[in-house]
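Presented below is the structure to which this report refers.
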Amino acid sequence: MKHGFTKIDFHNSLEPQTGSFLLANTSLVDPNFFRAVVLLCEHEPEGTFGLVLTQPLTVMLSEGVQSLFGWDAPLHRGGPVEPGSLHFVHGRSDLDIGSVEVARGIYWGGSFERVNELIGEGVAAPTDFRFFVGYSGWGPGQLDEELEQQSWYLTPAASSLAFEGDPALIWQHALQGMGPEFAMLSHVPLDPHVN
């Protein structure tokens with residue numbers, strides 16, 4: 001029996017939709033999406049908008065936003081598109097800030113000015129939110145093509161993973177939650193030639 005790396009592909013029958021997680025296949029080596037988990041915030045015939053949950057940055061929100069009311073938060077890289085744009089998700093159903101619930105317990109967008117006020121007033125905490133610069137976008141049919149090429153796995157989004165304390169663990173934990181065959185993939189080494 002030959003030893004070495006064999007590409008293993010598993011299909012799941014889910015269709016992309018708002019509130020899904022995209023999990024990068026182990027063979028996807030694009031540095032923008034290597035071992036990434038992307039929350040699909042909007043999936044329409046005109047295109048798809050998502051945020052990478054697994055790429056924390058070493059900069060803080062205050063380095064780009066000067067008007068914070070006495071608080072700060074880490075930034076994450078939401079994707080390669082429009083890297084100067086700011087986006088956020090949170091898990092607070094009680095906040096009236098114009099967010100959209102994209103999956104159970106996961107809210108996207110709304111008024112950043114109101115978020116700033118609520119955190120400044122102590123009604124909300126910076127840890128209630130994940131802040132992102134840039135986003136991930138696909139044009140009409142583009143994501144479907146990537147799914148056909150088995151670049152991604154699909155699974156319903158889970159708030160427990162979206163707000164996982166260590167973003168580096170989200171990909172592994174999401175795969176493990178998809179069943180034994182996917183859990184096996186979560187242990188593939190970073191260098192596939194290392195067994």
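- Within the 4.5 Å cutoff, side-chain heavy atoms of L40 are placed close to those of L143.
- Taking V81 as the reference, Y135 meet the side-chain contact (heavy atoms from CB on, under 4.5 Å) condition, with sequence neighbours excluded.
- Taken together through direct or relayed side-chain contacts under 4.5 Å among Ile, Leu, Val, Met, Phe, Trp and Tyr, V133 and L39 form parts of separate hydrophobic clusters.
- Evaluation of the side-chain contact (heavy atoms from CB on, under 4.5 Å) rule for T58 yields no partner, not counting sequence neighbours.
- Linking Ile, Leu, Val, Met, Phe, Trp and Tyr residues whenever their side-chain heavy atoms come within less than 4.5 Å leaves L95 and F163 in two separate clusters.
- When all heavy atoms of N116 and S67 are compared, the pair lying nearest together is ND2-O, 2.8 Å.
- No side-chain heavy atom of H90 sits less than 4.5 Å from a side-chain heavy atom of R130.
- The CD atom of Q172 sits 11.5 Å away from atom CG of L161, with the distance rounded to the nearest 0.5 Å.
- A search for side-chain hydrogen bond (donor to acceptor under 3.5 Å, both in side chains) contacts involving D166 returns nothing, not counting sequence neighbours.
- Of all the heavy atoms in F33 and P80, the pair that sits closest is CZ-CD, 4.0 Å.
- Between the W171 side chain and the T54 main chain, no donor and acceptor come within less than 3.5 Å of each other.
- One hydrophobic cluster, built from ILVMFWY side chains closer than 4.5 Å, holds both W71 and L75.
- Listed by chain and number, the residues in a side-chain contact (heavy atoms from CB on, under 4.5 Å) with S111 are E113, R114 (sequence neighbours excluded).
- Among residue pairs with one or both ends in residues 39-60, none qualify as salt bridge (charged side-chain N to carboxylate O under 4.0 Å, His left out); sequence neighbours excluded.
- Under the 4.5 Å side-chain criterion, counting only non-hydrogen atoms from C-beta, L154 is in contact with P16.
- No donor-acceptor distance shorter than 3.5 angstrom exists from the side chain of D144 to the backbone of G141, with no hydrogens or angles considered.
- In this structure, F129 has its ring center no closer than 6.0 Å to that of W108.
- The distance from the CH2 atom of W152 to the CG atom of L147 is 9.0 Å, given to the nearest 0.5 Å.
- Among the candidates I170, L22, L175, L51, the single residue satisfying the side chain to side chain contact (heavy atoms under 4.5 Å, CB included) test with V37 is I170.
- The only option from Y107, F49, F132, F112 that meets the ring-ring contact (aromatic ring centres under 6.0 Å, His included) definition with H87 turns out to be F49.
- What you find for I106 and A162 is that their closest heavy atoms are CD1-CB, 3.8 Å.
- In plain terms, the two heavy atoms of A103 and E101 that are nearest each other are O-CG, 3.2 Å.
- Here the OG-CD distance, from S159 to E164, works out to 11.5 Å after rounding to the nearest 0.5 Å.
- Under a 3.5 Å cut-off, the side chain of N25 and the backbone N or O of Q150 do form a donor-acceptor pair.
- Checking H43 against T18 by side-chain atom types alone, no donor-acceptor pair falls below 3.5 Å.
- No continuous path of ILVMFWY side-chain contacts below 4.5 Å connects I97 to V100, so the two sit in separate hydrophobic clusters.
- With sequence neighbours excluded, the residues satisfying side-chain contact (heavy atoms from CB on, under 4.5 Å) with Q142 are W138, E146.
- Taking CG of L23 as the start and OG of S151 as the end, the distance is 13.0 Å to the nearest 0.5 Å.
- Side chain of S136 to backbone of G78: a donor-acceptor contact under 3.5 angstrom is found.
- Remark: side-chain polar atoms of D72 are not paired, donor with acceptor, to backbone N or O of M60 under 3.5 angstrom.
- Rounding to the nearest 0.5 Å gives a distance of 9.0 Å between CD of E148 and CD of E145.
- Linking ILVMFWY side-chain heavy atoms closer than 4.5 Å, directly or via other members, places L86 and V52 in two distinct hydrophobic clusters.
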task: Could you check L28 against F34 for side chain to side chain contact (heavy atoms under 4.5 Å, CB included), going step by step and ending with a plain yes or no?
output: CA-CA 6 Å; L28 183 58; F34 181 70; over 6 Å; no

- prompt: Going through the distances and angles, do I119 and L68 end up as a side chain to side chain contact (heavy atoms under 4.5 Å, CB included)?
  reply: CA-CA 9 Å; I119 295 177; L68 300 179; over 6 Å; no

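- Here N32 contributes atom CG and D30 contributes atom CG; the two are 4.5 Å apart, rounded to the nearest 0.5 Å.
- Ring orientation note: the planes of F131 and F88 are tilted relative to one another, at an angle of 30° to 60°.
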